[in-house]
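Heads up, the thing below is written out as structure tokens.
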Amino acid sequence: MTKPDIAAARREENIFAALREEIIAALVGQLPDLPAETLARIDVGPAREAAHGDATTNAAMVVAKAARAAPQAIAARLAGAFDGSALIARAEVAGPGFINLHLHADALRAVVGAVLRLGEAYGDCDLGQARAVNVEYVSANPTGPMHVGHCRGAVVGDVLANLLGKAGFVVTKEYYINDAGAQVAALAWASYWRYLQALGADLSAEDFDPQVPGGLQYQGDYLVAVGQTLADAHGASLAGPGVSVADPAVWFDIVREHAIARLMQGVREDLDLLGVRHDVFSSERALVEAGAADAAIGRLEAAGLIYEGVLEPPRGKLAEDWEPRAQTLFRATGFGDDVDRPLRKSDGSNTYFANDIAYHNDKMARGAALMIDVWGADHGGYVSRMQAAVRALSGEPGRLEVVLCQIVHVLREGVPVRMSKRAGSFITLRDMIEEVGRDAVRFTMVTRKSDAQMEFDLAAAVAQTKDNPVFYVQYAHARCRSVLRAAAAAGVVADAGAQLGSLAAEPELAVVRRLASWPRTVEGAAAAREPHRIAFYLYDLASDFHALWNRGRDEATMRFLQADHPTETAARVALVEAVATVIRSGLAVLGVAPVEEMR
RNA sequence: GCGCCCUUAGCUCAGAUGGAUAGAGCAACAGCCUUCUAAGCUGUGGGUCGGUGGUUCGAGUCCACCAGGGCGCGCCA
């Protein structure tokens, strides 16, 4: 099939999109002067109840005001306009002005053939119109192992990026390494402490702490290995006489680089376990050293958006130790922020915000037409200033979107889990993956809206019951595969050209309808940046399929494979193949493996 | 004190951009295995959508205020 054919097939087999076009065409024929904004609000979606037909539209109600007519009257006239339609068999007005659409069964069943022809490309759409979107996620500081706090953002970002790719965006997955500033300096000191210990120094945290500017941080065991590799690589050359603390000029840069490299390696290994692979890793320090921050500040300055000033003290808390200070400020208030934001510290160095402006400037320079940052909830207060800066630089209000992920509480059988085997104070990503597996971690992390807090129960994530959506969906796929194996053994292979007319039982049609709503689910989820909708769709599809499966237990004639009825069997095998294909397609977005067999 | 997020069945959560009688799973109760996987299916009961006003043909969804929970609040990143 050539590319234009595929595109045409997609339009043709996205039933709801096709219906919408037909309805709007009919509506415009009757009411030519409707404004485009009004038409844009028309929705055609699956009916919630079988009695309401296969699809339903709010077109008459949406249009009523602009048309200055009663919704029911518009609906009645519109419903009469579909004689001879290839899709719509019957249209009826209901309630306050809904039009319920009963489709020709063949038109509905054609979805099955479309799925088989398109394979996992069924459901792709052109929402993104090949726009370049940069999705930045994880971006954990390289100062320790990844923990659950990073995990949700990692999965949400990764799945969102996959989803946008399916919806026609050209996606870059990016990780921003915060390898400049005070935290990595503290990391260097802590690594140096472990290095001295590796050389044999009897140096407790309490003894070392007073020698560290700002105090010793990162006392977890995970830096012991870093100290050891430093000792292996450099011997005692970085230490002072008698394994004492040498002049930082001798060791600081070496130790910092070594520690960052080691910890980033750990981060990459953890991400790999999670199935997350970024296309680009960007270094904050590389940007700073290239002068990008000063360049970005220069651009804002040239636009007259920088001034030296003193901020008002925040009300309420922290008022005691507040002193007025003159700082270099960005006029964020001109771009939707509450207060102007500092770009330089009193010692003249750049704030993190200044570097972050440079970083986003850099992403745009690299071609990102749209940037989506996935952040933890603790960065919520940072959103408006970053968007203000991007808007000031680009002139576009929507160039940067931020998806915030709220906190995850980890439980085991309802009891909060706090301690980690490795890191002590927090549960690591690696612990979690080892306990419940990558698929369960990934799936469970997108079974909630990202802006709501969630509870992650380790015991529930591995439970093999319908309460566990990972299992439930994978089991449905395994059952599909089981049928297809048995069919193949009997010489029946799914065929896109199969006669589908025998698919007429309600549970069969329910599955067909669900398959038909996959494209609009993908498009809606991508447009709303809500990957969890994919997980819920898969659960619903699995549920429809399990129900159909069990009909075969109650009635032998409802089993998929009917030895004496090749036409029915071919139709049902095609349906099962279509279900398996869409489940695989959805799981691919989630980055979860489809399972062939569960025994 | 200010800003952002959240509040839906006993519990965990959906609710497709304002639509019809608000839906799943768990838990409770009652059924379904000589069968392509019973790790599943079918049915029953369970709700003042935190509260009060407002916007309109229509509000869980939008607006205002209030209550409760979370996150954050000038030289941390």
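Residue numbers start from 1 in every chain, and the chains themselves are labelled A, B, ... in the order their sequence lines are given, proteins ahead of strands.
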Roughly, in whole Å, what's the span from [atom1] in [X] to [atom2] in [N]?
{"X": "F16(A)", "N": "U17(B)", "atom1": "CZ", "atom2": "P", "result": "13 Å"}
{"X": "R41(A)", "N": "U56(B)", "atom1": "CZ", "atom2": "P", "result": "14 Å"}
{"X": "F560(A)", "N": "C41(B)", "atom1": "CZ", "atom2": "P", "result": "13 Å"}
{"X": "Q453(A)", "N": "G68(B)", "atom1": "CD", "atom2": "P", "result": "17 Å"}

Notebook entry, point to check: Taking any strand in view, what nucleotide pairs with A30(B) in a Watson-Crick or G-U wobble way, both distances under 3.5 Å?
Noted result: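 U42(B) - that is the nucleotide pairing with A30(B), both distances being under 3.5 Å.
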Next item on the list: Return the nucleotide paired to C65(B): Watson-Crick means purine N1 to pyrimidine N3 with N6-O4 or O6-N4, wobble means G-U with N1-O2 and O6-N3, both under 3.5 Å.
Entry: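 Partner of C65(B): G51(B).
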Using a heavy-atom cut-off of 4.0 Å across all strands, would you classify [X] as base, sugar-phosphate, or nothing?
{"X": "A556(A)", "value": "nothing"}
{"X": "R559(A)", "value": "base"}
{"X": "G552(A)", "value": "base"}
{"X": "T465(A)", "value": "sugar-phosphate"}

Item checked: Aromatic ring pairing H546(A)/Y472(A), orientation class (parallel under 30°, perpendicular over 60°, tilted between) ->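 Geometry flag for Y472(A) against H546(A): tilted rings.
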Next item on the list: For the pair Y475(A) and F471(A), name the ring-plane relationship: parallel under 30°, tilted 30 to 60°, perpendicular over 60°.
Entry: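 Y475(A) and F471(A): parallel rings.
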Notebook entry, point to check: Pick the nucleotide of RNA chain B nearest each of A180(A) and R485(A); which residue has the one closer to the 5' end?
Noted result: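 Whichever sits nearer the 5' end wins; that is R485(A).
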Note to self: Judged by each residue's nearest nucleotide on RNA chain B, which is more toward the 5′ side, N468(A) or N100(A)?
What the structure shows: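 This one resolves to N100(A).
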Checklist line | Donor-acceptor pair (no angle test) under 3.5 Å: N550(A) side chain, G40(B) base | finding: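 In this structure, the two groups form a donor-acceptor pair.
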Notebook entry, point to check: Within the structure, does a side-chain N or O atom of K345(A) lie under 4.0 Å from either OP1 or OP2 of A77(B)?
Noted result: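 Affirmative; the distance criterion is met.
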Next item on the list: Give a yes/no answer on whether the side chain of K466(A) brings an N or O atom under 4.0 Å of OP1 or OP2 in C41(B).
Entry: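 For C41(B), OP1/OP2 do have a side-chain N/O of K466(A) under 4.0 Å.
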Checklist line | Base orientation of U52(B), syn vs anti, 90° cut from 0 | finding: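 Anti, which is what one calls it when the glycosidic angle falls more than 90° from 0.
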Check: Any salt bridge between R385(A) and D356(A), counting N to O under 4.0 Å?
Finding: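 The answer is no: the pair does not qualify as a salt bridge.
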